[in-house]
2 protein chains.
Amino acid sequence: MKKLTPAEENYLKAIYHLLEEGPEKVSTNEIASLIQSKAASVSDMLKRLAEKELIDYKKYHGVSLTDSGHKTALHIIRRNRLWEVFLVEKLKFNWDEIDTLAEELEHVNSPLLVRRLDEYLGFPKFDPHGDPIPDEFGELSSKPRIVLSEVRSGQVGKIVAVNNSSAAFLKYLDKVGIYIGAKVEVLDTIEFDGSQELLIDGQKKVFVSKEVSANIQVMLHPA
Amino acid sequence: MKKLTPAEENYLKAIYHLLEEGPEKVSTNEIASLIQSKAASVSDMLKRLAEKELIDYKKYHGVSLTDSGHKTALHIIRRNRLWEVFLVEKLKFNWDEIDTLAEELEHVNSPLLVRRLDEYLGFPKFDPHGDPIPDEFGELSSKPRIVLSEVRSGQVGKIVAVNNSSAAFLKYLDKVGIYIGAKVEVLDTIEFDGSQELLIDGQKKVFVSKEVSANIQVMLHPA
DNA sequence: AATAAGATTTAGACTGATCTAAAAAAAAAT
DNA sequence: ATTTTTTTTTAGATCAGTCTAAATCTTATT
Ligand SMILES: [Mn+2]
Ligand SMILES: [Mn+2]
Ligand SMILES: [Mn+2]
Ligand SMILES: [Mn+2]
């Protein structure tokens, strides 16, 4: 368990996020695209990560995380999300401004610092985008979630997370009044394109494309 | 004013601190020793920093900071000291544990982050070691200071800073009850070795070597 | 099954940061 | 003014991380 470089940590995190989508292998190109680099650079890094036994790698056939790599990724994500909470809760950043900052802060790797920060923030379970924060053993608390685009007309839920943390998307949500914790009712779903009319907090009507609703996670109201 | 690497920032800061001691040029070896590297590495880095016009460098004749380098160094120091305040004030770290953490955090360079952090901390003017925090224009507030080893017997002052931030020194101060803000009276000074008997806060007697007192800064009581 | 298309890896180069050992320059000592 | 010592720079390596271009492997299409 030696110290990793920022680049190695970024790659591990990228692989983790891609695996989260479902597949049990991720490709070089997918990683390159997510991390904004070139396939050749990824190949190179994969060799190093495999050498350190953080990933399982068979040339030309994609990678997955070893147990050690998985655990490491969760630690990095924990730091990332705790800093995101700090930036929003304490420093009053907007949720669309914290990405690049947390992307740097996450690499300061001190177990004591992380524990103190966690404590200081009141042991938050979710980050500002609604994503769960792993505990120090890598355990994730999860809420039962369903993607908004799959909620049927008439159903009511609460927005718990977003799948896309780009500034453009988050700013748009701010503008139309959608936020984590908001109550949402699906008033109507257009069959043609899957767009929906929503009622936010029982007062504001919003019309969103499927592009948007597919990036919003909802917890259905038990009722 | 392009973005600097962490290594470049560390070198600039080192040069700044060495110049602070008085001389108007600092040597390659002094830098190497402070930064725990080798003279050859320093030579190499000096070339790069000179190229970027952050230092004035004539081979074999030492370096000084340009205006731009000086300003940059103060920005780095500002970040370092603000994070130190954060670690002590908010995360309850002891003043002997913050060095390496602040050494990493200082490289996260976002003007907005620094401004928000400063605001959040209540615009502190001094860090936990008593060192002044430059404002965003690089201005330093300073208190009139005198080194404790030069305070004469009978004089009374307040401890305002330490010249040495090593864990060993700070832990020692903790142990004997010396802290920033403490009232100190010099009861006696031994002519032979310059050691002193002190009275801390009017109650605790402490005997310190000159080695120690030369690393403590005092503000004399105007009386 | 052969070929074309696409994905991935390798080869080779570059930058930044570091080191050791050798060369060169400056400072100190004779 | 030489010689010796110390300091500093250069030469040459190495490692991490990245890239472009070329080679190679896999997969899809005829
Ligand atoms: Mn990162
Ligand atoms: Mn997040
Ligand atoms: Mn540093
Ligand atoms: Mn300090």
Side-chain angles (χ1 to χ4, degrees), chain A residues 1-15 18-19 21 23-64 69 72 76 100 103-104 106-109, chain B residues 1-15 18-19 21 23-64 69 72 76 100 103-104 106-109:
Chain A
M1 215 118 301
K2 64 154 64 74
K3 208 178 167 299
L4 301 177
T5 65
E8 289 170 329
E9 295 193 332
N10 286 336
Y11 275 90
L12 274 188
K13 209 174 49 146
I15 295 166
L18 290 168
L19 286 171
E21 308 290 308
E24 93 284 355
K25 292 278 169 192
V26 302
S27 76
T28 299
N29 267 346
E30 286 170 323
I31 298 168
S33 145
L34 179 58
I35 226 163
Q36 305 249 69
S37 66
K38 295 294 146 67
S41 311
V42 175
S43 272
D44 223 72
M45 178 61 89
L46 293 183
K47 264 181 276 177
R48 286 198 292 270
L49 293 175
E51 188 57 44
K52 298 188 178 183
E53 300 188 50
L54 293 163
I55 61 173
D56 282 318
Y57 175 42
K58 273 178 221 83
K59 275 184 201 171
Y60 293 104
H61 291 94
V63 287
S64 60
T72 305
I76 301 160
T100 54
E103 196 59 51
E104 295 199 47
E106 69 187 356
H107 302 295
V108 178
N109 183 0
Chain B
M1 216 118 302
K2 67 154 60 74
K3 206 178 167 299
L4 301 178
T5 66
E8 289 170 329
E9 294 193 334
N10 286 336
Y11 274 91
L12 274 188
K13 209 173 50 144
I15 295 166
L18 289 168
L19 287 171
E21 309 290 308
E24 93 284 353
K25 293 277 170 192
V26 302
S27 76
T28 298
N29 269 344
E30 285 170 323
I31 298 167
S33 145
L34 179 58
I35 226 163
Q36 305 251 66
S37 66
K38 294 296 147 65
S41 311
V42 175
S43 272
D44 222 73
M45 178 61 88
L46 294 183
K47 263 182 276 177
R48 287 199 290 270
L49 293 175
E51 187 57 43
K52 299 187 177 183
E53 299 188 50
L54 293 163
I55 60 173
D56 282 318
Y57 175 42
K58 275 180 220 82
K59 276 186 201 171
Y60 293 104
H61 295 284
V63 288
S64 59
T72 305
I76 301 159
T100 54
E103 195 59 51
E104 295 200 45
E106 69 186 356
H107 303 295
V108 178
N109 182 0

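These values consider heavy atoms only, across backbone and side chains, with no hydrogens, waters or symmetry-generated copies. Residue numbers start from 1 in every chain, and the chains themselves are labelled A, B, ... in the order their sequence lines are given, proteins ahead of strands.
At whole-Å resolution of the value, CE in B:Met45 and C1' in C:dG16 are 8 Å apart. When rounded to the nearest whole Å, the span between NZ of B:Lys38 and P of C:dA22 equals 16 Å. Put simply, CG on A:Asp44 is 16 Å from C1' on D:dA22, counting in whole angstrom units. To the nearest angstrom, P of D:dG17 lies 11 Å from NE2 of A:His107.
If you take CG on B:Asn10 and CD1 on B:Ile31, they are separated by 12.5 Å, rounding to the nearest 0.5 Å. A distance of 9.0 Å separates CG in B:Leu19 from CD in B:Glu30, rounded to the nearest 0.5 Å. Note that the CD atom of A:Glu24 and the CG atom of A:Asp56 stand 11.5 Å from one another [nearest 0.5 Å]. In this structure, the separation between CG on B:Asp44 and NZ on B:Lys47 is 5.0 Å, given to the nearest 0.5 Å. Between the CD1 atom of B:Ile55 and the OH atom of B:Tyr11 there is a distance of 11.0 Å, given to the nearest 0.5 Å. Rounding to the nearest 0.5 angstrom, the gap separating the CD atom in B:Glu9 from the CD atom in B:Glu103 is 10.0 Å.
Using a 4.0 Å cut-off on heavy atoms, the residues of residues 4-14 of chain A that approach DNA chain D are A:Thr5, A:Ala7, A:Glu8, A:Tyr11, listed by number. Near DNA chain D, meaning a heavy atom under 4.0 Å away, the residues from residues 46-62 of chain A are A:Arg48, A:Tyr60, A:His61.
Residue contacts for A:Ser41: at a heavy-atom cut-off of 4.0 Å it reaches a base atom on one of the strands shown.
Closest of all the heavy-atom pairs between B:Ala32 and B:Lys38 is CB-C, 3.8 Å. In terms of heavy-atom proximity, B:Asn29 sits nearest to B:Ala39 at OD1-CB, 3.6 Å.
Dashed line: the shortest gap from a side-chain N or O of B:Ser27 to OP1 or OP2 of D:dT8 is under 4.0 Å. Between A:Ser37 and the phosphate of D:dG17, there is no side-chain N or O to OP1/OP2 separation shorter than 4.0 Å. Neither OP1 nor OP2 of D:dT6 sits under 4.0 Å from any side-chain N or O of B:Asn29.
Between A:Val42 and B:Ser43, the residue anchored closer to the 5' end of DNA chain D is B:Ser43, taking for each the nucleotide with the nearest heavy atom.
Counting heavy atoms from C-beta on, the side chains of B:Leu54 and B:Leu4 come closer than 4.5 Å.
Here D:dA11 is the nucleotide among D:dT8, C:dT9, D:dA11 with the atom lying nearest to any side-chain atom of B:Ala40.
Axis angle, first five pairs versus last five pairs of the helix from C:dA1-D:dT30 to C:dT30-D:dA1: 10°, rounded to 10°.
When the shell of 6.0 Å around NZ of B:Lys25 is examined, it contains more than 12 heavy atoms from other residues, nucleotides or ligands.
Under the side chain to side chain donor-acceptor pair (under 3.5 Å) rule, A:Glu8 has a single partner from A:Lys13, A:Arg48, A:Lys3, A:Lys52, which is A:Lys52.
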